[in-house]
Amino acid sequence: MPKRPPSPGRARAVRQSARVTVASASGFYWALYGLDRPVVAVYALFAPIALGVLSPLPGGGRTRARTVLSVLPVALALTALGTALAVTTASAVAGMLVIGFTVCFAAAYGPAAAGTVPGLLLFYVLACFPPYEPDTLPQRLSGLLVGVALLVLCELLLLPAPAVQPYRARIAAALDLAAASALGAAQGHRHGPEEARRLREEGLSLRLSRAPPASRPTGAGRTDRGLAQAGAATRRVLDQLARTAERPDSAPVGDPPSEALLRGVAAGCAATAGALRGARAVPGPEALEEMVADFVAVRGRPPGTGGGADTKASRRLLERRSDLLVTAASALTVQAAVAVAVGGRRDSAGLPPEQFWYAQPSTARLLTLRLTGNLTLRSVLFQNAVRTALGLGAARLVAGVLDLSHGFWVLLAVLTLGRTTAGATWSTVRSAAVGTLVGALAAGVLIFEAGGTVDVYAVMLVPAMFVAFSVGPIAGPAWAQGLFTLVVAAAFSQLAPADWRLAETRLLDVLAGCVIGLVCGVLAWPAGARGEVRRSVAELLRAVAPLVQGTVLATVGAPGASGAAGDPGPRGDTAEEAMRLTRHRLRIAEGAYAQYRTEGGIDSVDGGPDWHLALNCASHAVVGSHWLPRQVYGPAPPAAVRWARESVGQLATAMDRAAAFPPGGVDARPVPLPSEIVSAAPAPVLPALVDIDSWLQTLAAELTAVGGSVPSGPAPVRDRGTEPAAAREGPAGTGR
């Protein structure tokens, strides 16, 4: 029977362990035995461990090497600052609180910054624990430089990690499939369920949770924001094409405007895919935008003024054209977002400017907005930074007050064992305590048997590091702490004479760190993102309700609306405030949901709310509010205005009720568009009414499904499955 190949995760851990072991051991042995500089040796040993093991850096070998070099100045500054602030316990604790919060909060910038946080904190921790020795700063910085240089060389030359497929390549592959499907539909090919399944599967591959952390466009700059928005809009294109393929009457046979627009969508998707691969210049959305404008001008004909079958046939035609317009609008969004992300465009190319608000601000301004947007107690990034800073500050206070000889291990335990929930922290520290106890016993036996023979420790260090860094990341905290105890025993026994009490000190210090981490986990937001995701989604739904209501009333030109139908400019201060608030609440909710998934949370547990679908519902509301009021339809008749008021009012009320998450959810059922209004509506107005009805029924179906409810009767579901666009200020380094 053939042997099963090792898992990719295990193989990656072994390769990374080899790189870190070679870098750490080389610098340590060279500094200790070649230069007789113990301080240099310590920093040369821990620098690769900090940035190679504690820091889960994303990407291939070249990307990781660039990340390490980019944070080197910060590591040097933190080492110098920690050395200076170690003068007193008070200054060291104050520095730990400020630096711990600042470094952790910098994770908002993206996955690369988030990955370096533990390693950067280790440099300050290593430098600030007693004793206070400012004269050793040059040696500390030298050791750090040596360790980082060796790690960079190993990342580039020794079993380098393979490059990660960029997210733009995923978008390009999805756009190729969308182009082929749209072109086939334009040619009259009738696709079936198999084609719809392929389209949806390709759309799922664009979810950020499906992409490696290194390729997730969650940074604060224009490129990441644009790619994230392009990915979300591409998925909407695929989902809409999939729904079109499932309908038996979807082929636009005998409908020249629809055929022309489908060909335009196919050409635009193909051109954008080529631009993402670098094979051609980045196209602007102007050509497709012009085709959409031409389609909008004729899509209401024939108006369906007759009765009976004629009215039904006209309505079905308008519904198909409305779906096609949604597809084309999403394709337009893809082209505009790619033009900003890849082509460097600084405007929205005639599309709604608030949809591409990130195109004009400078990079520094975008980074500032990312940070200030998370400076709230409702942000899980803010909560994590506060929790970590308090834990490290308390650990440094204990180490200073009790004058622990190896207080660094207390802080290291807090840094590596802390989790975002009290339950996860307890599970981790319990395993770590057992592992440390076993490791301490093994280290004590090793020290007792070896006595003062340094050669034994020198021989043991390399295999101990390799095994610890290979097994620890895979087997869990018990193995990681137990094996790392052997590593530090073998290393520190070479720096100074040691007896079995070194193992005892290691055990007590780690236990002290476990207790501190557990206390902080209990006192500071012990539920993690579980409670925060519920609160943030509730606030999001309450913000969406007035946005949807104002959008519908503005589209039909209802008196008292925040703008007039067809007005391409701002829709008034009220509408702008509703959009700003919704976008802000969506950003916070997406961040909470991203951490909730990392904590093991799942959707719809025992009939509970489906958080991901709630985010989808809000995302659809934002997209619809951009597009619905932007066409000139003419004044709606009074009967249509009354219907719009009643229908959107019922949906807004249901959203407010859904924000309380009652058992079983809510049954949201806006009033369907009556046939008599369809028959009597003027031709320019009828497409707008169909669009509104489709949008409201879609939002209602999703809102009903959020709470696990089943609608009491049939309701059209015309736009399901779109992922929230992270480009609207999405979470940092997190994936859904």
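Remember, predicted model here, so these are calculated numbers, not experimental data.
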Chi angles and distances behind the ring-ring contact (aromatic ring centres under 6.0 Å, His included) call for Phe382, Phe101: CA-CA 8 Å; Phe382 183 88; Phe101 176 84; 5.5 Å; yes
Derivation and outcome, side-chain contact (heavy atoms from CB on, under 4.5 Å), residues Val93 and Thr88: CA-CA 9 Å; Val93 171; Thr88 65; over 6 Å; no
Step-by-step side chain to side chain donor-acceptor pair (under 3.5 Å) determination, Ser70 to Thr67: CA-CA 5 Å; Ser70 67; Thr67 302; 5.2 Å; no
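Rounding to the nearest 0.5 Å gives a distance of 8.0 Å between CE of Met96 and CG of Leu121. Put simply, CG on Leu122 and OG1 on Thr116 are 12.5 Å apart, with the number rounded to the nearest 0.5 Å. Atom-to-atom distance recorded for Phe129:CZ and Thr89:OG1 is 13.0 Å, nearest 0.5 angstrom. Once rounded to the nearest 0.5 Å, the distance linking OH of Tyr167 with CG of Leu276 reads 11.0 Å. A distance of 8.5 Å separates CZ of Arg370 from CG of Leu381, quoted to the nearest 0.5 Å. Rounded to the nearest 0.5 Å, atoms OG1 (Thr102) and CG (Leu120) are 12.0 Å apart.
Applying the salt bridge (Lys or Arg N to Asp or Glu O under 4.0 Å) criterion to Arg168, with sequence neighbours excluded, gives no partner residue. Residues forming a salt bridge (Lys or Arg N to Asp or Glu O under 4.0 Å) with Arg365 (at least two apart in sequence, or on another chain): none. For Phe123, there are no ring-ring contact (aromatic ring centres under 6.0 Å, His included) partners two or more places apart in sequence or in a different chain. Considering only residues two or more places apart in sequence or on other chains, Arg19 meets the salt bridge (Lys or Arg N to Asp or Glu O under 4.0 Å) condition with Glu155.
The shortest distance between side-chain heavy atoms of Gln139 and Leu141 does not fall below 4.5 Å. The closest side-chain heavy-atom distance from Leu32 to Gln494 is below 4.5 Å. Thr63 has its side chain out of reach of Val164: every pair of non-hydrogen atoms, C-beta onward, lies at least 4.5 Å apart. You'll find the side chain of Thr223 stays beyond 4.5 Å of the side chain of Val340, heavy atoms only. Under the 4.5 Å side-chain criterion, counting only non-hydrogen atoms from C-beta, Phe105 is not in contact with Val386. Residues Leu126 and Thr79 form no side-chain contact, since every pair of their non-hydrogen atoms from C-beta on lies 4.5 Å or further apart. Looking at heavy atoms from C-beta onward, Gln16 lies in side-chain contact with Arg64 at the 4.5 angstrom threshold. Considering only heavy atoms from C-beta on, Ser24 comes within 4.5 Å of Met465 through its side chain.
Across every non-hydrogen atom of Tyr29 and Leu461, the tightest pair is OH-CB, 3.5 Å. The shortest heavy-atom contact between Gly115 and Ser55 is O-CB, 3.0 Å. Leu206 and Gly231 make their closest contact through CD1-O, 3.5 Å (heavy atoms, listed as atom of the first residue, atom of the second, distance). Looking at every heavy atom in both residues, Leu366 comes nearest to Ala220 through CB-O, 3.4 Å. Between Ala108 and Leu371 the shortest heavy-atom distance is CB-CD2, 4.1 Å. The two residues Ala106 and Ala113 have their closest heavy-atom pair at O-CB, 3.6 Å.
Formation of a donor-acceptor pair under 3.5 Å by the Thr372 side chain with backbone atoms of Leu369 is found in this model. Remark: side-chain polar atoms of Arg140 are not paired, donor with acceptor, to backbone N or O of Val39 under 3.5 angstrom. The backbone N or O of Ser17 sits nowhere less than 3.5 Å from a side-chain atom of Ser470 that would complete a donor-acceptor pair. With hydrogens and angles disregarded, a donor-acceptor distance shorter than 3.5 Å links the side chain of Asp224 to the backbone of Gly219. Using modelled atom types, one side-chain atom of Ser91 and one backbone atom of Leu85 make a donor-acceptor pair closer than 3.5 Å.
In the displayed structure, Arg277 atom CZ is contacted under 6.0 Å by more than 12 heavy atoms of other residues, nucleotides or ligands.
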Less than 3.5 Å apart, which donor and acceptor atoms pair up between the side chains of residues 392-400 and the rest of the protein, not counting sequence neighbours?
residue	atom	partner	partner atom	Å
Arg396	NE	Cys128	O	3.0
Arg396	NH2	Cys128	O	2.9

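Sorted by first and then second residue, the ring pair (Phe, Tyr, Trp, His ring centres under 6.0 Å) pairs with a member in residues 36-92 read Phe46-Phe408; sequence neighbours excluded.
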